[in-house]
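No experiment lies behind these values; they were computed from the predicted model shown. Below, chains carry the letters A, B, ... as their sequence lines are ordered, and counting in each starts from 1.
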Protein chains: 2
Amino acid sequence: MIARSTKGNPCPVGILMDILSGPWTLYILWILSTAGPTRFGELKRRVEGISTKMLTERLRMLEQEGMIFRHYEPTVPPQVTYGLTERGQELIVILDQLNTLAERWYGSSTPQ
Amino acid sequence: MIARSTKGNPCPVGILMDILSGPWTLYILWILSTAGPTRFGELKRRVEGISTKMLTERLRMLEQEGMIFRHYEPTVPPQVTYGLTERGQELIVILDQLNTLAERWYGSSTPQ
DNA sequence: CCGTATCCTGTCGGATACTG
DNA sequence: CAGTATCCGACAGGATACGG
């Protein structure tokens, strides 16, 4: 991915922001945080409006970055479950603070 | 701007992320945080590689969002100085935490 | 059920030239 | 010095169809 936040400048928070700033990314993390481990289809339903392509793309990326895990159950039909890793949960803690700030500034509306 | 993070879903942290996730945005905030109030030309020099268009665009946006202030001094030639508002500084506090996390994950490299 | 592959369009953002 | 105006190519990402 292209470094959006800092255009490739090697700044740690920039790297992290480039990960989080992708479309739908926060949305996905938020759902995994509130709903716990979730299957692909369920995610697609919850993240309203996302395309299959985008969802898989975001999930692959988040997995590679160590934010989420992917559990594949080779049943018929197969079941794939995604959830937050420890790293992902650490992240959520701080995002929560950011959210608190944001609520103060923009008002508190909870995503359903 | 289009809501990237949550694709228009009214989530406070999403709104905030959509602001911060724009290209160069963090970079600019970071410089204003470390260097204090800075003039346009100086900013353009420090944010290496940014185009005039992008810089003004980002600055206008950040100003509108209340993150930075713009001080115009009508001398000849005119001097325009940008700096963090109180809101901007509140933000930096949390970004700092995010940075701490990021340094632990990606190693600490300081942007010059 | 959980994806991959392909096509196609809209927009982002760089380059460039010009002003008060 | 501190911007605005305009043009234009690249690519992100939606729609669609198909596969294990």
Side-chain angles (χ1 to χ4, degrees), chain A residues 1-9 14 17-28 31-32 35 37-65 68-83, chain B residues 1-9 14 17-28 31-32 35 37-65 68-83:
Chain A
M1 197 200 302
I2 308 159
R4 285 184 53 83
S5 302
T6 57
K7 288 290 173 179
N9 205 264
M17 285 296 298
D18 287 333
I19 294 169
L20 302 179
S21 67
W24 306 102
T25 309
L26 267 190
Y27 205 158
I28 294 170
I31 287 176
L32 291 181
T38 309
R39 290 177 54 188
F40 185 88
E42 177 69 13
L43 264 177
K44 183 143 167 43
R45 244 167 286 125
R46 294 222 188 202
V47 184
E48 212 168 327
I50 197 172
S51 64
T52 311
K53 183 184 173 186
M54 256 299 109
L55 183 52
T56 40
E57 224 176 271
R58 280 8 260 173
L59 288 173
R60 292 284 175 274
M61 186 272 281
L62 286 172
E63 187 192 3
Q64 189 176 349
E65 297 297 339
I68 67 175
F69 66 81
R70 176 179 189 271
H71 177 72
Y72 178 78
E73 200 67 39
T75 55
V76 180
Q79 301 196 353
V80 181
T81 308
Y82 295 92
Chain B
M1 199 201 300
I2 307 159
R4 284 183 53 82
S5 302
T6 57
K7 289 288 174 180
N9 206 265
M17 285 297 298
D18 287 333
I19 294 169
L20 301 180
S21 67
W24 305 102
T25 309
L26 266 190
Y27 205 159
I28 294 169
I31 287 176
L32 292 181
T38 309
R39 290 178 53 188
F40 185 88
E42 177 68 14
L43 264 176
K44 185 144 166 42
R45 243 167 286 124
R46 294 221 187 201
V47 184
E48 211 168 327
I50 197 173
S51 64
T52 311
K53 183 184 174 186
M54 256 299 109
L55 183 52
T56 42
E57 223 175 272
R58 281 7 264 176
L59 288 173
R60 292 283 174 276
M61 186 271 281
L62 286 172
E63 188 192 2
Q64 189 176 349
E65 297 296 340
I68 67 175
F69 66 81
R70 177 180 189 270
H71 177 72
Y72 178 78
E73 199 68 38
T75 55
V76 181
Q79 301 197 351
V80 180
T81 309
Y82 295 92

When the distance from [atom1] of [X] to [atom2] of [N] is rounded to whole Å, what number comes out?
| X | N | atom1 | atom2 | value |
| --- | --- | --- | --- | --- |
| Q79(A) | dG3(C) | CD | P | 12 Å |
| L55(B) | dA2(D) | CG | P | 10 Å |
| R45(B) | dC1(D) | CZ | P | 7 Å |
| Y82(A) | dC1(C) | OH | P | 15 Å |
| E63(A) | dC2(C) | CD | P | 15 Å |
| Y27(B) | dG13(C) | OH | P | 17 Å |
| R58(B) | dA2(D) | CZ | P | 20 Å |
| L59(A) | dT4(C) | CG | C1' | 14 Å |

- Task: For the side chain of P78(B), starting at C-beta, report the closest nucleotide among dG3(C), dC1(D), dG3(D).
- Result: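 Nucleotide nearest to P78(B)'s side chain: dC1(D).
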What's the spacing between [X] [atom1] and [Y] [atom2] if we round to 0.5 Å?
| X | Y | atom1 | atom2 | answer |
| --- | --- | --- | --- | --- |
| D18(A) | R4(A) | CG | CZ | 8.0 Å |
| I31(A) | W24(A) | CD1 | CH2 | 9.5 Å |
| M61(A) | T25(A) | CE | OG1 | 4.5 Å |
| K44(B) | L59(B) | NZ | CG | 11.5 Å |

Do [X] and [Y] have side chains that approach each other closer than 4.5 Å (heavy atoms only, starting at C-beta)?
| X | Y | result |
| --- | --- | --- |
| L32(B) | F69(B) | no |
| L62(A) | Y82(A) | no |
| M17(B) | M17(A) | yes |

**Request:** I would like to know whether V47(A) and M54(A) meet side chain to side chain contact (heavy atoms under 4.5 Å, CB included); could you show each step before the answer?
**Result:** CA-CA 11 Å; V47(A) 184; M54(A) 256 299 109; over 6 Å; no
_Does dC1(C) have OP1 or OP2 under 4.0 Å away from a side-chain N or O of R39(A)?_
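For dC1(C), OP1/OP2 do not have a side-chain N/O of R39(A) under 4.0 Å.
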Counting only side-chain N and O atoms of R4(A), is one of them less than 4.0 Å from OP1 or OP2 of dA12(D)?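 The answer is no; no side-chain N or O of R4(A) sits under 4.0 Å from OP1 or OP2.
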Could you list all N or O pairs between the protein and nucleotides 14-18 of chain D that sit under 3.5 Å apart?
{"from": "dG14(D)", "atom 1": "OP2", "to": "S51(A)", "atom 2": "OG", "distance (Å)": "3.1"}
{"from": "dG14(D)", "atom 1": "O6", "to": "K53(A)", "atom 2": "NZ", "distance (Å)": "2.5"}

Contacts of E42(B) meeting salt bridge (charged side-chain N to carboxylate O under 4.0 Å, His left out) (sequence neighbours excluded), chain-then-number -> R45(B), R46(B)
So, with a heavy-atom separation below 4.0 Å from DNA chain D, the residues of residues 68-77 of chain B are R70(B), P77(B)
